[in-house]
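Notes follow the structure.
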Protein chains: 2
Amino acid sequence: MPNIKMIARKAGVSISTVSRVMNGSKPVSPDLQKRVYDAVQQMNYKPNSIARSLILKKTNLIGVVVPDVSNSFHAQLLSGIEEVTAQADYGVMICNVYRNMKQQQKYFNLMLERHVDGIILLHENTIEELNEFQKMTNTPLVLASVPLEVPGIPFVGIDEISAAYDAVTHLIEKGHQEIGLIYGDCTALGILRKEGYEKAMRDHGLTMKEEYLTQCPCSVDHGYQAMEQLLCTGAHPTAVFCVSDEMAVGAMDCAYDKGLRVPEDISFIGFDDIEISQVVRPRLTTIHQPIKDIGKEAARLLIEMIEKKSRSMKHSGGDQAASEESRIILKHSLVERGTV
Amino acid sequence: MPNIKMIARKAGVSISTVSRVMNGSKPVSPDLQKRVYDAVQQMNYKPNSIARSLILKKTNLIGVVVPDVSNSFHAQLLSGIEEVTAQADYGVMICNVYRNMKQQQKYFNLMLERHVDGIILLHENTIEELNEFQKMTNTPLVLASVPLEVPGIPFVGIDEISAAYDAVTHLIEKGHQEIGLIYGDCTALGILRKEGYEKAMRDHGLTMKEEYLTQCPCSVDHGYQAMEQLLCTGAHPTAVFCVSDEMAVGAMDCAYDKGLRVPEDISFIGFDDIEISQVVRPRLTTIHQPIKDIGKEAARLLIEMIEKKSRSMKHSGGDQAASEESRIILKHSLVERGTV
DNA sequence: GAATTTTCGGAAAATGTTTTCCTAAACATC
DNA sequence: GATGTTTAGGAAAACATTTTCCGAAAATTC
């Protein structure tokens, strides 16, 4: 591998001249420029990115902290992120948290030790952890589809409450009054969606029955169990709103096993519009999220923050946090299929 | 951020001593050791990984080239990879190729420019490209679930031919004789699985009809179209082997829409055992691949190669390619569900 | 044609490590 | 007591860049 010194020697110029033509940082006479380009070509020279990182304090690497890459929703977010980062010449490093949220701090440190230029969080942290993080470093951070309100940390996603509201309203408009809810209460996501449910019920003058509420982690299997539990109580909802598609297909499955017909005997509405909602029979009616776009927007915003920060560092030399105070809310939509 | 010099000053020792206690590369007296540790603690010192990379010529970063992260199969592979790399203190950088295989070379260059220590390929390249790659660099490379035979490049996956053979044999054992095939012929995967189909048919004395063979890209929608096409020809297979679960659920859907009952009128068997095969009704009978384990094994092997190489570089100083000549074949299995 | 400004190339410092090469002391051997 | 062998620990080179500073040459102005 040739280095800048070899190119300089070959082209008969100084090291700095080579650097200047490579980065266009200062004007260089056409004559020398050509000599440098020729040498670069002949030796197939590529500037060493590590050495550049060291001096420029920029790795062109962003970190993505994700609960589980193999989950369809997160994988799609990731794909959106990757698309725009790749275009902007950033690499993305992933960090799979699985469910061991305890080691959260460790993951942050890992990314920071690798000097990522910024982080996208797909995984829910406590607000304290986020504040802690901000205190510790001024590495840009954005939350994608993690609806937390933390001063200085931008969020991109949908309006969870109103999306849930729309889902439940749809059920109500179709004539349902006894509406069950399967949700998870240990994430902000689940809680907000539940809020949307409650609001819709209230706004339409429906009473919420305690026994119609069931909570479980977000997975097909847990959705099944939750539905079982819901039916066990003797409750007979005519429709169920599940705060994720996985839960919904699990729940549907349970209903099916209990001899209930969907949508004749019981209706279901999901949330997210991931792949499985389009392969189950009947097709799952659900709330569509522009998942990939959320990823893209998050990446776009993060890169913007990174570049803004590195510009300001260059000029003022200071390290004031360039805190972007923004929330990017994308449009969700109801997609009617066959389960209500 | 403190650097090694500051620690040295604080502890009242030389830079090299600090380095030595950090890496345990040479013995240091307990007294000085303690002083260094105290300084490190007090200043919360973390060695700068970039500077280390520069001198050690090791980034502790591996690259994963993947056709599409949002695809369930690849996402699972990735998750397996990430699990073992994280444990071994390697980061993983992803490179989403989407379908533009043309720019393949560009992706390799991208990874090499970032000086990844090794690459896992989940995306099929031509053998020429791989040879080209090997000629260009001696960065370790392993193929995960890309069944290509290239000298010096290890592969980890399943025995595609025999897995396909098992699938078709299962159909035959259940009494089917008219067996259709939906496959893709532009990947080694599709071709090998087709081979398995052919072998099974031949071994059981069944004739293969040209009109029973349909090919299409691997997706639910294409599977649907392929099935449509298959039925259009007037052929009436009693079972269809689809070389991926996506194709299979698409094909099943088509059958369903044509008024055929599964499995009474027509049977289906898929391949991969990804999530959707467990949510469709009836549940898809399929060939199970230990996807996550493939990812894990690939990562394990790659890291082994990397460390072996860096050891040999250290001792002999040479840069002979430490070519591992291995193929790791994991066990597949038939999982009987409801579609045959 | 002289004075002033602009342009451009080169030397050297800076980035934060690891590692090689020394020196000097401690220890063992004869 | 003299000599050889470990061992601890420091100075400096090496890694591959970018960037600042400086001086020389060229271009512009009066």
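Residue numbers start from 1 in every chain, and the chains themselves are labelled A, B, ... in the order their sequence lines are given, proteins ahead of strands. For clarity, every value in this text was computed on a predicted model and none was experimentally measured. Computation of the quantities below employed the complete heavy-atom set of this structure, encompassing side-chain atoms and omitting hydrogens, waters and symmetry-equivalent molecules.
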Exercise. Whole Å only: how far is the CD1 atom of A/I50 from the C1' atom of C/dT15?
Worked result: 14 Å

Problem set entry | Shortest side-chain distance from A/P27, nucleotide among C/dC8, C/dT19, C/dG16 | C/dC8

Exercise. From C/dG9, D/dT17, C/dT17, pick the nucleotide closest to the side chain of A/V28?
Worked result: C/dG9

Exercise. Going through the distances and angles, do A/S79 and B/Y98 end up as a side chain to side chain donor-acceptor pair (under 3.5 Å)?
Worked result: CA-CA 9 Å; A/S79 136; B/Y98 290 102; 3.3 Å; yes

For this session: Tell me what A/L56 touches on the nucleic acid: a base, only sugar-phosphate, or nothing, going by heavy atoms under 4.0 Å.
Result: sugar-phosphate

Exercise. Is the shortest side-chain N/O distance from B/S29 to OP1 or OP2 of D/dT7 below 4.0 Å?
Worked result: no

Problem set entry | Whole angstrom value for the distance that separates P of C/dA13 from CG of A/L54 | 18 Å

Problem set entry | Upstream residue (5' side of DNA chain D) when B/R20 and A/I55 are each assigned their closest nucleotide | B/R20

Exercise. Do B/E304 and B/K308 meet the salt-bridge criterion of a basic N to acidic O distance under 4.0 Å?
Worked result: no

For this session: Report which part of the nucleic acid B/I4 touches: base, sugar-phosphate, or nothing (heavy-atom distance under 4.0 Å, all strands).
Result: base

For this session: Indicate, with a heavy-atom threshold strictly under 4.0 Å, whether B/L32 touches base, sugar-phosphate, or nothing.
Result: sugar-phosphate

For this session: For C/dG16, take OP1 and OP2 only and decide whether either is under 4.0 Å from a side-chain N or O of B/N3.
Result: yes

For this session: Check every strand shown and say whether B/S19 touches a base, only sugar-phosphate, or nothing at a heavy-atom separation below 4.0 Å.
Result: base

For this session: Measure from CG on A/N23 to P on D/dT20 and round the result to the nearest Å.
Result: 13 Å

For this session: Taking the side chain as every heavy atom from C-beta outward, state whether A/V40 and A/D38 have any pair of such atoms under 4.5 Å apart.
Result: no

Problem set entry | Residue A/K57, side-chain atoms from C-beta onward, closest of C/dT19, D/dA16, C/dG16 | C/dG16

Exercise. B/K26 NZ to C/dT17 P: how many Å, rounded?
Worked result: 20 Å

Seminar exercise, completed: Comparing nearest nucleotides in DNA chain C, the 5'-proximal residue of the pair A/S14, B/K46 is A/S14

Problem set entry | B/M136 atom CE, neighbour heavy-atom count above 12 within 6.0 Å | yes

Exercise. Taking CZ from B/R9 and P from C/dG16, how many angstroms apart are they, rounded to a whole number?
Worked result: 12 Å

For this session: Take atom CG of A/D31 and atom P of C/dT7, then tell me their distance rounded to the nearest Å.
Result: 18 Å

Exercise. Quick one: are A/L61 and A/D117 in side-chain contact, heavy atoms under 4.5 Å?
Worked result: no

For this session: For the side chain of B/R52, starting at C-beta, report the closest nucleotide among C/dT18, D/dC15, C/dG16.
Result: C/dT18

Problem set entry | Among D/dT18, C/dT17, D/dA16, the one nearest B/A51 by side-chain distance | C/dT17

Exercise. Among C/dG16, D/dT17, C/dT19, which nucleotide sits nearest the side chain of B/S16?
Worked result: C/dT19

Exercise. Backbone N or O of A/K58 within a donor-acceptor pair of the A/S53 side chain at under 3.5 Å?
Worked result: yes

Problem set entry | Rounded distance (Å) that lies between atom P of C/dT17 and atom CG of B/N60 | 16 Å

Exercise. Whole Å only: how far is the CD1 atom of B/I7 from the P atom of C/dG16?
Worked result: 12 Å

